[in-house]
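In what follows, a single structure is set out as structure tokens and then discussed.
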Amino acid sequence: MPLTGKHLLGIAGLPVADIELILSTARSFREISTRPIKKVPTLRGRTIMNLFFEPSTRTRSSFEIAEKRLSADSLNFSVGTSSVSKGESLIDTGLNLQSMKPDVIVVRHWAAGAPHLLARYCGECAVVNAGDGMHEHPTQALLDALTIEDHKSEMEGLKVAIVGDITHSRVARSNAILLKKLKAEVWICGPPTLIPVDFEQYGVQVTYDLEKALAEADVVMMLRTQLERQKEVFYPSVKEYFNLYGLDRKKLALAKKDVIVMHPGPINRGVEIDPDVADGDCSVILEQVNNGVAVRMAILYLMMGPVEETTR
Ligand code: CP
């Protein structure tokens with residue numbers, strides 16, 4: 001069964017049935033990555049273009065690995081050596097790449113809405129949002145949900161605390177929307193300067209008090225302070241930020257005994273999370289990365305499915 005829409009632009013437009021289908025398909029794909037030969041012919045003959053206008057380690061690598069494991073042909077479009085550096089627009093870039101007949105374009109862009117623009121103007125192929133500005137990062141939220149479900153029997157009613165720089169985080173927005181769709185209890189926490197005033201619209205609890213957010217939490221999701229997006233000073237010093245909002249063992253003790261600690265990466269050790277916690281028994285951070293491959297395999301498969309062979 002395919003996904004409802006042609007594109008995957010955000011969690012906001014993704015029905016719960018599609019979320020559940022992606023997660024169950026990802027579970028079934030995980031086994032492929034444990035085989036000695038980590039490759040199936042499912043997407044043989046399909047072409048995928050990866051357009052990353054922003055740096056990425058996890059998302060870019062896992063899309064590329066997912067494409068290779070499904071035998072798709074993939075092209076990694078390098079912005080720095082492309083004609084974008086000569087001033088070519090996103091739409092012109094997309095239209096020219098679309099002329100080469102890819103099946104899917106995966107795009108990460110610094111501007112919110114860039115994948116939506118590509119989908120509108122280059123809609124012959126499917127578009128996947130791999131993170132757009134401060135807006136959404138849908139594939140991250142899906143791999144996070146898969147990781148939570150690996151550890152917790154029931155998403156409904158789970159207390160999930162999302163802590164840190166909420167304002168600049170597309171991960172926070174996609175996760176808040178997805179977790180509420182799956183009926184979790186979501187707490188958003190950070191300094192008042194780093195939480196948008198309208199965040200309650202997602203049905204989440206907002207607090208500036210880390211102790212409240214952590215109390216009896218089942219899941220703690222720490223977020224990076226995104227210095228590259230911060231145009232002004234949002235807190236007095238890193239030391240003060242860590243004292244109030246950084247996660248260490250002592251603060252984590254407020255959460256449930258079987259709490260899991262998540263982080264989308266990259267981690268700022270000693271800024272939002274103590275290395276003891278990042279590398280500790282409760283941490284599932286590298287499981288998140290592992291699940292990223294399976295989730296992206298599932299998404300690409302559900303968007304394209306097996307190719308029908310034609311012969312001449
Ligand atoms: N989580 C995440 O999006 O990481 P990258 O920026 O390395 O892709």
Side-chain angles (χ1 to χ4, degrees), residues 56-59 62 137 140-153 155 158-176 178-179 184-195 204-230 234-292:
S56 167
T57 295
R58 283 144 288 268
T59 312
S62 58
H137 194 348
Q140 178 71 41
L142 286 159
L143 73 88
D144 289 340
L146 183 64
T147 309
I148 294 171
E149 288 190 354
D150 285 344
H151 288 269
K152 307 290 172 188
S153 52
M155 187 71 88
L158 274 189
K159 180 174 177 181
V160 182
I162 304 178
V163 180
D165 177 357
I166 308 296
T167 296
H168 301 97
S169 176
R170 53 197 175 208
V171 175
R173 185 166 289 95
S174 287
N175 263 296
L178 189 152
L179 291 166
E185 180 190 322
V186 180
W187 285 68
I188 296 293
C189 179
T193 48
L194 286 173
I195 300 185
V204 299
Q205 310 268 353
V206 173
T207 180
Y208 310 128
D209 180 346
L210 184 59
E211 289 189 9
K212 263 194 193 168
L214 293 180
E216 294 298 307
D218 297 284
V219 178
V220 179
M221 192 179 290
M222 299 306 295
L223 298 176
R224 183 171 68 89
T225 50
Q226 300 200 25
L227 295 174
E228 77 279 17
R229 293 192 211 279
Q230 295 177 9
F234 289 90
Y235 46 84
S237 68
V238 167
K239 191 164 183 283
E240 185 154 340
Y241 183 86
F242 184 79
N243 283 342
L244 287 172
Y245 295 103
L247 188 64
D248 58 18
R249 277 178 194 265
K250 193 170 163 217
K251 292 176 193 150
L252 187 60
L254 296 166
K256 285 195 179 145
K257 283 206 167 9
D258 63 348
V259 66
I260 57 169
V261 175
M262 307 178 75
H263 194 304
I267 295 173
N268 290 317
R269 290 171 182 267
V271 179
E272 70 267 358
I273 191 165
D274 192 286
D276 271 1
V277 174
D279 305 325
D281 293 342
C282 300
S283 171
V284 296
I285 294 170
L286 294 179
E287 290 176 40
Q288 290 172 260
V289 180
N290 181 254
N291 278 334

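Small disclaimer: the values here were computed from a predicted structure and weren't measured.
Nearest heavy-atom pair, Thr207 versus Trp187, reported as atom, atom and distance to 0.1 Å: CG2-CE3, 3.8 Å. Between Cys189 and Ala213, the shortest heavy-atom contact is CB-CB, 3.7 Å. Of all non-hydrogen atoms in Met222 and Val220, the two that sit nearest each other are SD-CG1, 3.6 Å. Contact between Ala217 and Ala255 at its shortest, heavy atoms only, is O-CB, 3.6 Å. Minimum interatomic distance between Ile267 and Ala278 (heavy atoms only, all atoms of both residues): CD1-CB, 4.2 Å. Scanning both residues, Val204 and Ala176, for their nearest heavy atoms gives CG1-CB, 4.0 Å.
To the nearest 0.5 Å, atom OG1 of residue Thr225 and atom CZ of residue Phe242 are 12.0 Å apart. Taking CZ from Arg224 and CD from Glu272, the interatomic distance works out to 8.0 Å, rounded to the nearest 0.5 Å. The CG atom of Leu223 sits 10.5 Å away from atom CD1 of Ile273, with the distance rounded to the nearest 0.5 Å. Within the model, atoms CZ of Arg173 and OG1 of Thr167 stand 8.5 Å from one another, a figure rounded to the nearest 0.5 Å. One distance of note links CD1 of Ile285 with CG of Asn290; it measures 14.0 Å at 0.5 Å rounding. Interatomic distance, His151 NE2 to Asp218 CG, rounded to the nearest 0.5 Å: 13.0 Å.
Side-chain N or O atoms of Ser62 include one that pairs as donor or acceptor with a backbone N or O of Thr59 at under 3.5 Å. In terms of modelled atom types and a separation under 3.5 Å, the side chain of Lys159 and the main chain of Ala215 share a donor-acceptor contact. Although no hydrogens or angles enter the test, the distance criterion places a donor-acceptor pair under 3.5 Å between the side chain of Tyr245 and the main chain of Tyr208. Within the 3.5 Å criterion, the main-chain N or O of Asp279 finds no donor-acceptor partner in the side chain of Ser283. At distances below 3.5 Å, not a single donor-acceptor pair connects side-chain atoms of Gln288 with backbone N or O atoms of Leu143. Looking at Lys251, its side chain does come within 3.5 Å of a backbone N or O of Asn243 through a donor-acceptor pair.
Taking 4.5 Å as the limit, some side-chain heavy atom of Val277 sits within range of a side-chain heavy atom of Arg249. No side-chain heavy atom of Ile166 sits less than 4.5 Å from a side-chain heavy atom of Val206. Here the side chains of Leu247 and Leu214 are in contact, with some heavy-atom distance below 4.5 Å. Two residues are said to be in side-chain contact when any heavy atoms from C-beta on lie closer than 4.5 Å; Pro266 and Thr57 fail this criterion. Between Val160 and Met262 the shortest side-chain heavy-atom distance does not fall below 4.5 Å.
Enclosure of atom CG in Asp281 is not indicated, since only 12 or fewer non-hydrogen atoms of other residues, nucleotides or ligands lie within 6.0 angstrom.
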For this session: Decide yes or no on side chain to side chain contact (heavy atoms under 4.5 Å, CB included) for Asn291 and Asp150, but give the supporting numbers first.
Result: CA-CA 10 Å; Asn291 278 334; Asp150 285 344; 3.2 Å; yes
For this session: Could you check Leu142 against Leu178 for side chain to side chain contact (heavy atoms under 4.5 Å, CB included), going step by step and ending with a plain yes or no?
Result: CA-CA 8 Å; Leu142 286 159; Leu178 189 152; 3.8 Å; yes
For this session: I would like to know whether Asp258 and Lys152 meet side chain to side chain contact (heavy atoms under 4.5 Å, CB included); could you show each step before the answer?
Result: CA-CA 9 Å; Asp258 63 348; Lys152 307 290 172 188; 3.5 Å; yes
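No hydrogens or angles considered: a donor-acceptor pair under 3.5 Å links the side chains of Asp144 and Gln140.
No salt bridge links Lys250 with Asp274; every basic N to acidic carboxylate O contact stays at or beyond 4.0 Å.
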